[in-house]
K.L.:
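I'd like to ask some things about the structure below.
Just so you know, ligand 1 is whichever comes first in the structure, and atom 1 is the first atom listed for that ligand. Remember, predicted model here, so these are calculated numbers, not experimental data.
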Amino acid sequence: MKIVGSTSSTKLAQEVAELAEAEFIPIETKKFPDGEKYVKICGDVSGDHVAVICSMGHSPDEYLLEYLLTADALKDLGAKNVVSVFPYLAYVRQDERFTPGEAVSLVTVAKLIRSVGISKVYTIDSHRHRRIRIEDVFKIPVRELTSMTEISRYFSKNLHLVNPIVVAPDSGAESWAKTVAETLGCSYTNLEKRRLNAEEVEIKPRTLDIRERDALIIDDIISSGGTIIKAAKKIHEGGARRVFAACAHPLLSSEGLGRIKAAGVEAVIGTNTVQSLVSVVDVAPVIADALSQERS
Ligand code: R5P
């Protein structure tokens with residue numbers, strides 16, 4: 001197998017290649033003066049099984065187009081089979097038409113992704129859907145990987161949690177909270193969240209057995225930080241000893257991180273599916289392991 005990384009994921013892809021004992025093929029990209037993108041595959045892929053690793057954090061449109069040009073070129077250059085790994089897959093939250101006239105972005109993006117002839121999609125902790133299964137949207141095999149075990153290990157190793165409880169800010173995050181709680185050997189619960197608009201959420205109070213316990217809020221994405229801030233407030237009101245937050249995809253800015261800390265969250269932890277100030281958990285072993293299974 002050969003591994004190609006998008007410009008958003010070069011370091012991660014190199015690490016995956018090393019762990020999976022696969023050849024890393026660099027790409028060259030540039031922009032023409034009018035803004036058009038140029039992609040060149042800098043290696044031979046003819047007859048090969050290739051995995052493209054493309055995270056879509058921060059500039060999803062840029063990386064989506066770069067991915068399309070890359071994967072299509074790989075097929076065109078004779079790659080036998082191409083699989084796509086999206087450590088962070090953007091556009092998954094707009095998975096239905098919430099108000100009349102809206103584009104259902106997930107469906108459109110899935111169509112584009114599979115249009116270049118790939119055989120399988122891998123994602124990590126992609127947003128949980130209300131009514132649809134992501135495999136049905138892509139219409140090709142999708143394997144969902146998780147970073148939650150790695151996140152739990154980070155907490156076990158680096159923070160001495162006292163009588164911990166894992167908290168999902170909404171029901172969509174419950175399965176991740178469960179995985180982390182099982183790995184840490186503690187209980188978990190979930191709050192109830194209602195999104196008021198793109199920036200604002202309301203977190204409903206819930207009776208929490210949280211007094212004098214260390215609470216660890218788990219979510220797939222931290223973006224504006226609004227969800228974590230509201231959840232942390234409820235948890236503090238419940239008398240928690242300390243509050244921590246962790247996510248797979250840290251899309252947050254330094255201002256967002258500041259606001260979360262100001263809301264009494266002791267530490268924020270994320271993975272390197274998206275590079276950020278809090279990306280301390282490495283997902284390369286998760287991806288390398290999955291791709292090694294693909295090969296065998
Ligand atoms: C949405 O339901 C997701 O699971 C996250 O809770 C959400 O994307 C976090 O965004 P923010 O940090 O802007 O509240």
K.L.:
Quick one: look at L252 and ligand 1, take heavy-atom pairs under 4.0 Å, and tell me if it's side chain, backbone, both or neither.
P.N.:
neither
K.L.:
Could you list which atoms of ligand 1 come closer than 4.0 Å to a heavy atom of D220?
P.N.:
3 (C), 4 (O), 5 (C)
K.L.:
Using 30° and 60° as the class boundaries, would you call the ring planes of F86 and Y67 parallel, tilted or perpendicular?
P.N.:
perpendicular
K.L.:
Which atoms of ligand 1 have any heavy atom of G225 under 4.0 Å away?
P.N.:
11 (P), 12 (O), 13 (O)
K.L.:
Taking atom 9 (C) of ligand 1 as the point of reference, which of I229, I260, L251, I221 owns the nearest heavy atom?
P.N.:
I221
K.L.:
Any atoms of ligand 1 less than 4.0 Å from a non-hydrogen atom of I222? List them with their elements.
P.N.:
12 (O)
K.L.:
Which residue, D219, D95, D220, forms the side-chain hydrogen bond (donor to acceptor under 3.5 Å, both in side chains) with H127?
P.N.:
D220
K.L.:
We want to know whether T99 and E102 form a side-chain donor-acceptor pair, criterion being a heavy-atom distance below 3.5 angstrom.
P.N.:
yes
K.L.:
Do E66 and T7 have a side chain donor and acceptor closer than 3.5 Å?
P.N.:
yes
K.L.:
Could you tell me whether the side chain of N272 and the main chain of V274 form a donor-acceptor pair under 3.5 Å?
P.N.:
no
K.L.:
For a quick check under 3.5 Å, do R93 and S126 share a side-chain donor-acceptor pair by atom type?
P.N.:
no
K.L.:
Against heavy atoms of S224, which atoms of ligand 1 measure under 4.0 Å?
P.N.:
11 (P), 12 (O), 13 (O), 14 (O)
K.L.:
Any atoms of ligand 1 less than 4.0 Å from a non-hydrogen atom of G226? List them with their elements.
P.N.:
12 (O), 14 (O)
K.L.:
In residues 36-45, what donor-acceptor pairs under 3.5 Å come from side-chain atoms, sequence neighbours left out?
P.N.:
| residue | atom | partner | partner atom | Å |
| --- | --- | --- | --- | --- |
| K37 | NZ | E62 | OE1 | 3.0 |
| D44 | OD1 | S46 | N | 3.0 |

K.L.:
Show the atoms of ligand 1 that are less than 4.0 angstrom away from any heavy atom in D219.
P.N.:
4 (O), 5 (C), 6 (O)
K.L.:
Counting each atom of ligand 1 from 1 as listed, which ones have a heavy atom of D170 under 4.0 Å away?
P.N.:
2 (O)
K.L.:
Nearest heavy atom to atom 2 (O) of ligand 1 wins, so pick from K230, R259, H127, R93.
P.N.:
H127
